[in-house]
Peer 1: 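Have a look at this one.
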Amino acid sequence: QVQLVESGGGLVRAGDSLRLSCKSSGRPFTMYAVGWFRQSPGKGREYVGACSWTGGTSYYADSVRGRFTISRDNAKNIVYLQIDRLNSEDTAVYYCAAMGVAYGDPGDAEYEYHYWGQGTQVTVSS
């Protein structure tokens, strides 16, 4: 198994940038692709993006492409989510999730991911 812990959330102002971290422990991190999701109040969980186990390929939802950047440092067992030009619609709990690489490229569906972190709250004030 792998355990995931998100951090880096907080209260920020519109227009600011923020970098979230997803720290893993347990099985070797390189066995997993990692996805990011978010859930706003009263809404379902929304796919944000994902990166391959090497970090060499990243995928993004159309709604965030150009503002969100996913990267990973396998030596540190961390995946990052950089969010630029934050706006009120980015207010949400952000989750990272891991998918075994044996299952192929990371997708955008929750069921594809086997391990989840507890989430970190991002609140954007206008």
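All values below come from the heavy atoms of this structure, side chains included, with hydrogens, waters and symmetry mates left out.
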Peer 1: When you measure from the side chain of Tyr113 to the backbone of Gly107, do you find a donor-acceptor pair of N or O atoms at a distance under 3.5 Å?
Peer 2: yes
Peer 1: Could you tell me whether a side-chain N or O of Tyr94 sits under 3.5 Å from a main-chain N or O of Asp90, the two making a donor and an acceptor?
Peer 2: yes
Peer 1: Would you call Arg27 and Tyr32 a side-chain contact if the rule is heavy atoms closer than 4.5 Å?
Peer 2: yes
Peer 1: For residues Cys96 and Val34, report the shortest heavy-atom separation together with the two atoms involved.
Peer 2: CB-CG1, 4.3 Å
Peer 1: What are the two closest heavy atoms between Ala92 and Arg38, and how far apart are they?
Peer 2: CB-CB, 3.8 Å
Peer 1: Cut-off 3.5 Å, side chains only: do Asn74 and Thr30 have a donor facing an acceptor?
Peer 2: no
Peer 1: Treating Ile, Leu, Val, Met, Phe, Trp and Tyr as nodes and any side-chain heavy-atom pair under 4.5 angstrom as an edge, say whether Val48 and Ile83 lie in one connected cluster.
Peer 2: yes
Peer 1: Kindly compute the distance separating CD (Glu112) from OH (Tyr47), expressed to the nearest 0.5 Å.
Peer 2: 9.0 Å
Peer 1: Of all the heavy-atom pairs spanning Pro106 and Ala50, show the shortest one and how long it is.
Peer 2: CB-CB, 3.7 Å
Peer 1: Has Arg72 got its NZ or CZ under 6.0 Å from the middle of the six-membered ring of Phe29, at an angle within 45 degrees of the ring axis?
Peer 2: yes
Peer 1: Assess whether atom CD of Glu89 is packed by more than 12 heavy atoms of other residues, nucleotides or ligands within 6.0 Å.
Peer 2: no
Peer 1: Linking I/L/V/M/F/W/Y whenever any side-chain heavy atoms sit under 4.5 Å apart, do Leu18 and Tyr60 land together?
Peer 2: yes
Peer 1: Can you find a side-chain donor-acceptor pair between Gln121 and Thr123 that sits under 3.5 Å?
Peer 2: yes
Peer 1: Is the distance from the ring center of Phe37 to that of Trp116 below 6.0 Å?
Peer 2: yes
Peer 1: Hydrophobic clustering (ILVMFWY, side-chain heavy atoms < 4.5 Å, transitive) - are Val79 and Val64 grouped together?
Peer 2: yes
Peer 1: Give, for atom CG of Leu11 and atom CG of Asp16, the distance between the pair rounded to the nearest 0.5 Å.
Peer 2: 9.5 Å
Peer 1: What distance separates Lys43 NZ from Arg45 CZ, expressed to the nearest 0.5 Å?
Peer 2: 15.5 Å
Peer 1: Please walk me through it: do Tyr80 and Thr69 pass side chain to side chain contact (heavy atoms under 4.5 Å, CB included)?
Peer 2: CA-CA 8 Å; Tyr80 301 103; Thr69 305; over 6 Å; no
Peer 1: For Arg67 and Asp84, indicate whether the former's side chain and the latter's backbone hold a donor-acceptor pair under 3.5 Å.
Peer 2: yes
Peer 1: Hey, could you give me the OG/CD distance between Ser17 and Gln82, rounded to the nearest 0.5 Å?
Peer 2: 5.5 Å
Peer 1: Can you confirm whether Phe68 sits close enough to Trp36 that some side-chain heavy atom of one is under 4.5 Å from a side-chain heavy atom of the other?
Peer 2: no
Peer 1: Of Ser52, Cys22, Cys51, which is the lone residue that meets side-chain contact (heavy atoms from CB on, under 4.5 Å) with Ile70?
Peer 2: Cys51
Peer 1: Say whether Arg85 and Asn87, considering side chains only, have a donor N or O and an acceptor N or O under 3.5 Å apart.
Peer 2: no
Peer 1: Report the distance from atom OH of Tyr95 to atom CD of Glu110, rounding to the nearest 0.5 Å.
Peer 2: 9.5 Å
Peer 1: Side-chain contact test, heavy atoms from C-beta onward, threshold under 4.5 Å: evaluate it for Arg19 versus Leu81 and give yes or no.
Peer 2: no
Peer 1: So, Ser125 side chain and Val12 main chain: donor-acceptor pair closer than 3.5 Å or not?
Peer 2: yes
Peer 1: Measure from the side-chain N and O atoms of Lys76 to the backbone N and O of Lys23, and report whether any donor-acceptor pair falls under 3.5 Å.
Peer 2: no
Peer 1: Quick one: OG on Ser40 to CD on Glu46, what's the gap to the nearest 0.5 Å?
Peer 2: 6.5 Å
Peer 1: Just by distance, do the side chain of Thr91 and the backbone of Val124 share a donor-acceptor pair under 3.5 Å?
Peer 2: yes
Peer 1: Verify, without hydrogens or angle tests, whether Glu6 (side chain) and Ser21 (backbone) share a donor-acceptor contact under 3.5 angstrom.
Peer 2: no
Peer 1: List the atom of Val101, the atom of Ala33, and the distance in Å for their closest heavy-atom pair.
Peer 2: CG1-N, 3.7 Å
Peer 1: Ignoring hydrogens and angles, tell me if any N or O in the side chain of Thr120 forms a donor-acceptor pair with the backbone of Ser7 under 3.5 Å.
Peer 2: no
